[in-house]
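Here is the structure we will look at.
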Amino acid sequence: MNLLSVTNLHVNFHTKAQELAALIDVSFTLNRGERIAIVGESGAGKSVLGFSIVNLIGKPGYIHSGSIRLENDELTKMNLRQLQEVRGKRIAMIFQDPMMTLNPVITIGAQLVETIRSHTKISYKDARNIAIEKLNHVQIASPERRFDQYPHELSGGMRQRVIIAAVLLLNPDIIIADEPTTALDVTIQAEILQLLLAICRDNGVALVLISHDLGVVSKVAERTLVMYAGRIVEEGPTLEIINDPQHPYTQGLLNALPQMTLPGQRLNQIQGSMPSLIERPSGCAFHPRCPYAKEKCKKEQPSFIHSGVSSVACFLVEDMINEFANQDQEVSK
Ligand code: SF4
């Protein structure tokens with residue numbers, strides 16, 4: 001059984017003027033201990049998807065239809081108390097800005113102890129020992145000293161380590177990490193990613209890494225989902241997505257990586273920008289930016305088809321697959 005199954009998920013934003021679709025027909029699965037990434041530019045719907053999994057989308061957003069199952073439990077049907085049990089204990093979230101989670105006026109140690117004691121009936125002394133052990137585990141030097149410090153006394157990288165320590169305290173099945181390294185220096189980014197990877201591997205924790213950067217996900221995720229304008233447009237093993245991207249949007253994301261540009265050359269960019277919810281183009285939403293768009297792309301939404309080990313929603317790929325199939329038939333006649 002899959003650990004997490006998201007099926008035909010639709011998330012809308014209800015405004016006075018109209019109903020806006022933020023996620024359209026999103027489906028994917030996650031196995032125990034698996035690491036997947038959700039990539040796309042800002043506004044693609046990645047974070048909405050991350051928040052939807054734990055039913056944390058703020059108003060006016062809401063889950064319109066679809067299913068989110070954590071093994072046998074349907075999360076979309078849970079009440080607040082049940083959801084609070086799931087959040088943290090079974091699914092933990094790490095955000096780009098650790099200060100979204102840390103209370104600035106309470107010491108690091110007090111926050112960790114509070115987390116432990118809200119879930120387990122143990123003495124303050126034992127909780128303190130566990131908290132210090134976890135700070136040590138996430139490679140925070142002098143954990144006893146850090147225990148008594150406030151969040152503002154720590155660097156951004158160290159604060160993110162504290163968050164990872166807090167997540168570890170609850171031993172979750174899944175960590176959803178939303179751009180966990182975007183606000184950090186490049187060298188610190190690599191350290192935090194390595195730490196996250198090691199924590200997930202060593203503890204059998206599944207990871208959903210949300211990122212705009214295919215370079216980052218290639219280091220961590222086994223499988224990658226590419227999102228555009230609220231839909232998944234390509235899904236496959238990360239190596240395959242990096243080495244042989246099928247969807248023109250995925251190709252554009254890869255070409256835009258700084259590593260793909262020679263010194264002195266201008267950075268490659270995908271023409272245009274991600275459409276807002278109120279101006280989603282008809283047909284394939286990528287068509288105004290796609291160098292291969294044809295008339296059909298402006299009118300119809302491509303379905304998901306298998307292409308090798310990946311799945312992709314694109315008429316160009318569909319046509320190529322059909323052409324190869326026809327050629328094969330001709331040869332075998
Ligand atoms: Fe481009 Fe058409 Fe494929 Fe969309 S369906 S990505 S517009 S070729």
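Ligands are counted one by one from 1 in listed order, and the atoms in each one are counted from 1 as well.
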Original post:
Are Glu133 and Arg128 within salt-bridge range, i.e. N to O under 4.0 Å?
Top reply: no
Tested for side-chain contact (heavy atoms from CB on, under 4.5 Å) against Lys46, the lone hit among Ile210, Leu225, Leu209 is Ile210
What is the nearest protein non-hydrogen atom to [atom], stated with its residue, atom name and distance?
atom: atom 4 (Fe) of ligand 1; result: Cys284 SG, 2.4 Å
atom: atom 2 (Fe) of ligand 1; result: Cys297 SG, 2.3 Å
atom: atom 5 (S) of ligand 1; result: Phe315 N, 3.3 Å
atom: atom 1 (Fe) of ligand 1; result: Cys290 SG, 2.3 Å
atom: atom 3 (Fe) of ligand 1; result: Cys314 SG, 2.4 Å

Which label fits Tyr249 and His247: parallel for a plane angle under 30°, tilted from 30 to 60°, or perpendicular past 60°?
perpendicular
Task: Parallel, tilted or perpendicular: rings of Tyr228 and Phe286 (30°, 60°) - done: perpendicular
Near Leu316 (heavy-atom distance under 4.0 Å), the atoms of ligand 1 are 8 (S)
Counting from 1 in the order shown, the ligand 1 atoms closer than 4.0 Å to a non-hydrogen atom of Pro248 are 6 (S)
**Message:** Taking backbone and side chain together, does His247 place any N/O/S atom at a distance below 2.8 Å from atom 4 (Fe) of ligand 1?
**Reply:** no
- Task: Flag the pair Glu323 / Met320 as yes when at least one side-chain heavy-atom distance between them is below 4.5 Å, and no otherwise.
- Result: no
**Message:** Counting only heavy atoms not in Gln271 (residues, nucleotides, ligands), do more than 12 fall under 6.0 Å from its CD?
**Reply:** no
